[in-house]
Amino acid sequence: MRRFSVYDSMSREVRPFVPISPPRVGLFVCGLTPQDEAHVGHARTFVFFDVVARALGRWGYRVLSVQNVTNLDDKVIERAAASGADPLALSDRNFRAWRRSSEELGIRTVNYFPYATDYIPEILAQIRGLIERGYAYASAGSVYYTVAKFAKYGALSGQRTDALRPGARIEVDPAKRAPEDFAVWKAATPGEPAWESPWGPGRPGWHIEDTAITLRLFGPRYDLHGGGLDLIFPHHESEIALAEGATGEAPLVNYWMHGGMLTMRGEKMSKSLGNVVPLADALREHGPMVLRFYYLNAHYRSPLDFDREKSLAEAREAYATLSLPADRLAEILGRERPEGSATGEAPAELVAAAGALADRLDATLAEDFNTREAIALLFGWSRTLAPRLDRLEQLSDAALEELRSPYRWGEEVLGLFVREPVGSEPLAPVVEATIAARARARGRGDYAEADRIRAELSAAGIELEDRGGATRWHPVRRS
RNA sequence: GCCGAGGUGGCAGAAUGGUUAAUGCGACGGACUGCAGAUCCGUUUCCUGGGGGUUCGAUUCCCUCCCUCGGCUCCA
């Protein structure tokens with residue numbers, strides 16, 4: 001198992017990672033509340049944690065990755081009521097749409113996506129435990145957490161409850177003993193989904209579904225908890241209070257990881273600001289590789305500003321440069337080559353460099369997942385290969401694979417260099433014939449006809465590239 | 001007000017107590033081309049928010065001020 005370090009929001013420093021029971025690692029990431037469609041800000045966080053899980057897997061850990069789905073909360077109910085939909089059906093629909101997008105994005109490391117409402121028995125059991133231990137009380141059909149009882153409340157966020165602006169956004173609730181107390185069980189309102197409980201019909205409050213899930217799947221303590229920076233308070237703070245209060249064991253989590261926000265012209269992307277770019281739109285316009293590249297091209301803890309006109313266009317250009325040698329290698333390797341025609345060996349210094357690069361890539365990522373630095377290293381490799389691309393044809397498969405190994409790393413860990421199926425294979429004969437016609441036109445100096453054919457193919461989504469007397473073609477890049 | 005994260009070239013965005021502060025985008029020049037695009041090569045000196053301090057040396061460590069963003073019970 002490779003050693004690595006990670007920034008822990010609780011201690012506010014980069015610390016060496018020590019697993020609780022190696023090689024297993026429990027990773028819990030706060031997932032979506034699918035009140036609406038997912039946007040590009042959400043995807044940033046989840047792509048990053050996908051890379052974390054991929055890296056740990058590569059390094060020999062056995063990761064159990066769980067992402068909860070808060071499929072019922074005030075917002076879901078509110079949104080459903082506005083459209084006359086059933087709340088659970090609405091969140092289910094949005095979640096399924098997110099899963100389609102996330103699969104397209106190559107997010108493939110999450111083992112479970114538990115729905116909050118599938119854990120009602122666990123939630124009720126936890127609430128009973130909290131009441132027995134004096135951390136919660138029933139009042140008017142609801143149950144509230146006694147924040148004052150949990151001395152460590154505020155350790156993660158640095159917030160002190162007595163400093164919270166009273167009444168800022170805290171609902172004034174006469175059933176609560178103290179304003180900072182929060183609901184772990186909410187008394188049912190007619191027309192809303194509700195479950196029976198010792199305190200009457202109701203539904204779970206926020207925060208508690210996560211601890212119910214992790215207590216069940218990981219036990220009272222686990223390794224890594226991730227999420228967006230905006231969840232630190234009150235959500236993660238409250239999770240700690242709920243779990244440690246219920247079990248008496250601490251700490252709930254050994255390392256808290258928080259991803260920076262994606263901003264839009266300096267402001268956080270959120271529905272209420274009206275500056276949301278739906279993930280599905282960005283995927284359609286630029287494809288998954290460009291988006292992944294864009295996210296991973298910044299450090300995960302830095303804020304990343306998203307400019308709808310510029311950001312992904314720039315990422316597209318940069319990714320094209322980065323991936324061109326990778327594509328060429330894959331293309332040659334995927335082609336049938338006559339027996340004995342390609343036996344060349346790669347220069348020894350290149351092979352050595354490729355091997356050394358893999359180590360450097362792992363080492364870079366092992367320092368708090370510096371994906372940006374890893375990408376810079378991969379750019380270096382592409383610069384090395386780019387001028388030699390035309391000499392690759394003679395190399396043996398084994399030699400080509402050696403030169404490809406840094407890109408294989410990028411594919412395995414970063415999820416880049418995955419070639420999109422273009423569905424153009426059946427077109428190939430037609431395109432080749434058209435190109436041949438253009439070549440004949442060029443041969444007799446009829447450039448008007450040649451350019452007409454080129455423009456026609458371009459309009460059909462095929463770009464031509466004249467080099468060294470031959471003409472290559474490829475599907476036009478998405479723009 | 002309190003808590004937290006940031007401020008780096010035209011732009012995006014890394015890193016480090018120490019030679020020319022990475023990488024990319026863009027721009028400019030060249031090669032290639034019938035032309036264009038794509039590609040390849042080269043150039044892009046003057047960039048670390050302001051002010052103090054520690055140090056032989058600070059972008060990095062400390063203090064302070066300014067600005068931006070996030071959180072302060074809906075948030076990835």
Side-chain angles (χ1 to χ4, degrees), chain A residues 9 12 29-33 35 38-49 67 70 73-76 78 147 154 156-166 168-171 173 179-183 205-207 226-235 237-238 258-263 266-272 293-294 297-299 301-305 307 310-311 313-322 324 364 367 370-380 383 386-390 442 445-447 450-451 454-455 458 463-469 472 474 477:
Chain A
S9 306
R12 300 194 175 85
V29 177
C30 284
L32 284 180
T33 299
Q35 50 173 295
H39 59 63
V40 292
H42 297 130
R44 180 191 185 189
T45 299
F46 298 119
V47 164
F48 171 68
F49 284 105
Q67 237 171 69
T70 308
D73 78 340
D74 293 356
K75 283 285 178 184
V76 171
E78 195 180 292
V147 170
L156 178 66
S157 61
Q159 298 282 356
R160 299 201 331 250
T161 51
D162 57 8
L164 297 183
R165 189 176 278 179
R169 276 158 81 177
I170 302 180
E171 54 191 295
D173 184 345
E180 70 270 21
D181 291 352
F182 58 88
W206 193 31
H207 318 309
L229 209 50
D230 53 350
L231 291 177
I232 290 181
F233 188 88
H235 185 51
E237 199 73 74
S238 300
H258 290 101
M261 294 292 100
L262 189 77
T263 57
E267 287 183 312
K268 179 178 150 183
M269 183 174 289
S270 73
K271 201 80 185 177
S272 52
F293 174 86
Y294 170 68
N297 204 205
H299 189 99
R301 284 191 282 120
S302 304
L304 179 59
D305 200 56
D307 182 309
K310 281 171 52 188
S311 296
E314 183 178 323
R316 187 178 66 241
E317 294 306 319
Y319 179 69
T321 301
L322 177 67
L324 185 129
T364 295
E367 274 300 313
N370 194 335
T371 56
R372 177 52 150 120
E373 197 66 27
I375 284 174
L377 290 171
L378 289 169
F379 266 110
R383 268 200 317 282
R388 309 165 194 258
L389 247 30
D390 288 334
R442 293 176 79 203
D446 186 354
Y447 294 118
D451 289 351
R454 180 170 64 191
S458 173
E463 270 182 0
L464 300 187
E465 186 185 333
D466 298 324
R467 36 187 307 130
R472 294 176 182 283
H474 55 85
R477 284 192 211 114

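So that the names make sense, note that chain A is the first sequence line, chain B the second, and so on, each numbered from 1. Model, not experiment: these values are computed from the prediction.
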Novice: Select base, sugar-phosphate, or nothing to describe what A:Ser238 touches, counting heavy atoms under 4.0 Å on all strands.
Specialist: nothing

Novice: On RNA chain B, nearest-nucleotide positions of A:Gly158 versus A:Phe46: which is more 5'?
Specialist: A:Gly158

Novice: For RNA chain B, whose closest nucleotide is more 5', that of A:Gly31 or that of A:Arg12?
Specialist: A:Arg12

Novice: Which of the following nucleotides, B:rG24, B:rG71, B:rG34, is nearest to the side chain of A:Arg383?
Specialist: B:rG24

Novice: Any idea which of B:rG4, B:rC35, B:rG13 is nearest the A:Ala298 side chain?
Specialist: B:rG13

Novice: Choose from B:rU73, B:rA76, B:rG13 the nucleotide whose nearest atom is closest to any side-chain atom of A:Leu304.
Specialist: B:rG13

Novice: Taking all heavy atoms of A:Gly226 and all of A:Phe49, pick out the closest pair and write down the distance.
Specialist: CA-CZ, 3.4 Å

Novice: Once rounded to the nearest 0.5 Å, what's the spacing between atom OG1 of A:Thr321 and atom CZ of A:Arg383?
Specialist: 11.0 Å

Novice: With rounding to whole Å, what would you report as the distance between B:rA22 and B:rU60 at their C1' atoms?
Specialist: 15 Å

Novice: For nucleotides 61-67 of chain B, print each protein N/O atom paired with a nucleotide N/O atom at under 3.5 Å, atom names and distance only.
Specialist:
none

Novice: Could you tell me whether A:Ser311 contacts a base, only the sugar-phosphate backbone, or nothing, with contacts defined as non-hydrogen atoms closer than 4.0 Å?
Specialist: nothing

Novice: Calculate the interatomic distance between A:Leu231 atom CG and B:rU73 atom C1'; express it in whole Å.
Specialist: 12 Å

Novice: Looking only at N and O atoms, is any donor in the side chain of A:Glu314 or the base of B:rG24 less than 3.5 Å from an acceptor on the other one?
Specialist: yes

Novice: For A:Gly445, which contact category applies under a 4.0 Å heavy-atom criterion: base, sugar-phosphate, or nothing?
Specialist: nothing

Novice: P atom, B:rG1 versus B:rC47: distance in rounded Å?
Specialist: 35 Å

Novice: Provide the distance between the two P atoms, one in B:rC11 and one in B:rU16, to the nearest whole Å.
Specialist: 24 Å

Novice: Roughly how many Å apart are B:rG57 and B:rG10, using the C1' atom of each and rounding to a whole number?
Specialist: 31 Å

Novice: What pattern of brackets, bars and dots sums up RNA chain B from 5' to 3', given Watson-Crick or G-U wobble pairs under 3.5 Å, [ ] for crossing pairs and | for another strand?
Specialist: (((((((..(((.....[....)))((((((.......))))))....(((((..]....))))))))))))....

Novice: How long is the span from the CD atom in A:Glu317 to the CZ atom in A:Phe293, to the nearest 0.5 Å?
Specialist: 11.0 Å

Novice: Is A:Ser302 close enough to B:rA14 that one of its side-chain N or O atoms is under 4.0 Å from OP1 or OP2 there?
Specialist: yes

Novice: Evaluate whether the aromatic ring of A:Phe233 and the six-membered ring of the B:rG71 base sit under 5.5 Å apart, centre to centre, with an inclination under 30°.
Specialist: no

Novice: Taking all non-hydrogen atoms of both residues, which atom of A:His299 and which atom of A:Arg44 are closest, and how far apart?
Specialist: O-NH2, 3.0 Å

Novice: When rounded to the nearest 0.5 angstrom, what distance separates OG1 in A:Thr70 from NZ in A:Lys75?
Specialist: 14.0 Å

Novice: Side chain of A:Glu373 only, heavy atoms from C-beta on: which candidate in B:rC2, B:rA76, B:rA15 is closest?
Specialist: B:rA15

Novice: Please round to the nearest 0.5 Å and tell me the distance separating atom CG of A:Leu229 and atom OG of A:Ser302.
Specialist: 10.5 Å

Novice: Less than 4.0 angstrom between a side-chain N/O of A:Asn370 and OP1 or OP2 of B:rA15, yes or no?
Specialist: yes

Novice: Just checking A:Phe379: base, sugar-phosphate only, or nothing, at a heavy-atom cut-off of under 4.0 Å?
Specialist: sugar-phosphate

Novice: When only distance counts, do a donor and an acceptor, one from the side chain of A:Asp451 and one from the base of B:rG34, lie under 3.5 Å apart?
Specialist: yes

Novice: Where do A:Leu231 and A:Cys30 come nearest, in terms of heavy atoms and distance?
Specialist: CD1-CB, 3.5 Å

Novice: Which whole-number value in Å describes the distance from A:Met261 CE to B:rA76 P?
Specialist: 9 Å

Novice: If I pick the P atom on B:rG50 and the same atom on B:rU8, what distance separates them, to the nearest angstrom?
Specialist: 11 Å

Novice: Using the P atom as the reference point in each nucleotide, state the distance between B:rA5 and B:rU23 in Å, no decimals.
Specialist: 30 Å

Novice: For a quick test of reading the model, state the closest non-hydrogen atom pair linking A:Glu237 to A:Ser157 and the distance between them.
Specialist: OE1-OG, 2.5 Å

Novice: Rounded to whole Å, how long is the line connecting atom NE2 of A:His207 with atom P of B:rU73?
Specialist: 11 Å

Novice: Distance between the C1' atoms of B:rG7 and B:rG49, in whole angstroms?
Specialist: 6 Å

Novice: Looking across every strand, which nucleic acid part, if any, lies under 4.0 Å from A:Arg372 by heavy atom: base, sugar-phosphate, or nothing?
Specialist: base

Novice: Do A:Phe182 and A:Pro234 come within less than 4.5 Å of each other through their side chains, counting heavy atoms only?
Specialist: no

Novice: Pair up each side-chain donor or acceptor in residues 371-379 of chain A with any protein partner under 3.5 Å, not counting sequence neighbours, and list the distances.
Specialist:
unit_1: A:Thr371; atom_1: OG1; unit_2: A:Leu296; atom_2: O; d: 2.7
unit_1: A:Arg372; atom_1: NE; unit_2: A:Asn297; atom_2: O; d: 2.6

Novice: With a non-hydrogen cut-off below 4.0 angstrom, is A:Leu378 in contact with a base, only sugar-phosphate, or nothing?
Specialist: nothing

Novice: How would you label the contact of A:Gly259 with the nucleic acid (heavy atoms, under 4.0 Å): base, sugar-phosphate, or nothing?
Specialist: nothing

Novice: Phosphate oxygens OP1/OP2 of B:rG70: is one of them under 4.0 Å from a side-chain N or O of A:Thr263?
Specialist: no

Novice: Rounded to the nearest 0.5 Å, what separation is found between the CG atom of A:Leu304 and the CG atom of A:Leu262?
Specialist: 5.0 Å

Novice: I'd like the P distance from B:rC25 over to B:rC61, given in whole Å.
Specialist: 30 Å

Novice: Need one value for A:Arg454: base, sugar-phosphate or nothing, where a base atom within 4.0 Å counts as base even if backbone is also close, heavy atoms only.
Specialist: base

Novice: Of all the choices, B:rG71, B:rA76, B:rG34, which nucleotide is nearest to the side chain of A:Gln159 once you look at every atom?
Specialist: B:rG71

Novice: For the side chain of A:Pro387, starting at C-beta, report the closest nucleotide among B:rC72, B:rG34, B:rC40.
Specialist: B:rC40

Novice: Taking the minimum atom-to-atom distance to the side chain of A:Glu317, which one of B:rG24, B:rA76, B:rG26 wins?
Specialist: B:rG26

Novice: Where the side chain of A:Thr321 is defined as all heavy atoms beyond and including C-beta, which of B:rC25, B:rA76, B:rA5 is the nearest nucleotide?
Specialist: B:rC25

Novice: Take atom NE2 of A:His299 and atom P of B:rC69, then tell me their distance rounded to the nearest Å.
Specialist: 22 Å

Novice: Without decimals, in angstroms, what is the distance between A:Ile232 CD1 and B:rA76 P?
Specialist: 14 Å

Novice: Quick one: pull up CD in A:Gln159 and CD1 in A:Ile232 and give me the separation to the nearest 0.5 Å.
Specialist: 10.0 Å

Novice: Rounding to a whole Å, what distance do you find between A:Asp390:CG and B:rA38:P?
Specialist: 17 Å

